[in-house]
Amino acid sequence: QVHVVESGGGLVQAGGSLRLSCAASGRIFRINDMGWYRQAPGKQRELVAALTWITGSTNYAGSVKGRFTISRDNAKNTVYLQMNSLKPEDTAVYYCKSDLLPGDSLIRGDYWGQGTQVTVSS
């Protein structure tokens, strides 16, 4: 079975940094893309950053561009989110999503992690 697991959340002061990690494990035939989403209380879930696996192309939400960087370790099926110059408005639960083909079924699907809390204090 395919699993997606995030880690690295925590509490930091405004202006600080955190690095989130997300690993996809199990029998995987192909990863199409991986990305980070976040959801604050009372808000809709929004895309933060995404990476297309075959090319390494990236895209970012305008609110984080220049502060956050998404990257990958292809050998480990892992994606990272380096978050610098954090602001209180970045406070949210951050979720990792992988669009992939599992090796057993070869049926494309979205696989979500459990979420990790990021809290930025003023």
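Keep in mind that the numbers below use all heavy atoms, side chains included, and drop hydrogens, waters and symmetry copies.
Linking ILVMFWY residues whenever their side-chain heavy atoms come closer than 4.5 Å, directly or via other members, places L81 and V64 in the same cluster. Placement of V93 and Y80 in two distinct hydrophobic clusters is found when ILVMFWY residues are connected by side-chain heavy-atom separations under 4.5 Å, directly or transitively. Placement of L51 and I28 within a single hydrophobic cluster is found when ILVMFWY residues are connected by side-chain heavy-atom separations under 4.5 Å, directly or transitively.
One N or O on the side chain of Q114 and one on the backbone of E6 form a donor-acceptor pair closer than 3.5 Å. Without hydrogens or angle criteria, T78 side chain to K76 main chain gives a donor-acceptor distance under 3.5 Å. A distance-only check finds a donor-acceptor pair linking the side chain of T91 to the backbone of V120 [under 3.5 Å]. Without hydrogens or angle criteria, Y60 side chain to I70 main chain gives a donor-acceptor distance under 3.5 Å. Not one N or O on the side chain of Q82 forms a donor-acceptor pair closer than 3.5 Å with the backbone of T69.
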(message) One pair to check against side chain to side chain contact (heavy atoms under 4.5 Å, CB included): T116 and S7. What are the steps and the verdict?
(response) CA-CA 6 Å; T116 185; S7 63; 6.0 Å; no
(request) Take M83 and R67 through the test side chain to side chain contact (heavy atoms under 4.5 Å, CB included) and record every step on the way to the result. (result) CA-CA 6 Å; M83 304 186 293; R67 299 188 296 122; over 6 Å; no
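Scanning both residues, V118 and G9, for their nearest heavy atoms gives CG2-CA, 4.2 Å. Smallest separation of non-hydrogen atoms from A40 and A92: N-CB, 3.9 Å.
Note that CZ of F68 is 7.5 Å distant from OG of S63, once rounded to the nearest 0.5 Å. Taking OG of S57 as the start and CG of D33 as the end, the distance is 11.0 Å to the nearest 0.5 Å. The CG atom of L20 lies 13.0 Å from the OH atom of Y95; values are rounded to the nearest 0.5 Å. Here CG of L86 is found 11.5 Å from CD of Q13. Values are rounded to the nearest 0.5 Å. Here OG1 of T52 is found 12.5 Å from CE of M34. Values are rounded to the nearest 0.5 Å.
Within the 4.5 Å cutoff, side-chain heavy atoms of S98 are placed close to those of I31. When side chains are defined from C-beta on, L47 counts as touching N59, because their heavy atoms get closer than 4.5 Å. Looking at R38 and D90, their side chains come closer than 4.5 Å, going by heavy atoms from C-beta outward.
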Cut-off 3.5 Å, no hydrogens considered: what does the side-chain donor-acceptor table look like for residues 100-110, sequence neighbours left out?
from : atom 1 : to   : atom 2 : distance (Å)
D104 : OD1    : R27  : NH1    : 2.7
S105 : OG     : I107 : N      : 3.3
R108 : NE     : D99  : OD1    : 2.9
R108 : NE     : D99  : OD2    : 3.2
R108 : NH2    : D99  : OD2    : 2.7

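S17 and N84 share a donor-acceptor pair across their side chains, judged by distance under 3.5 Å alone.
Sorted by first and then second residue, the pairs that involve residues 7-58 and meet ring-ring contact (aromatic ring centres under 6.0 Å, His included), not counting sequence neighbours, are Y37-W112.
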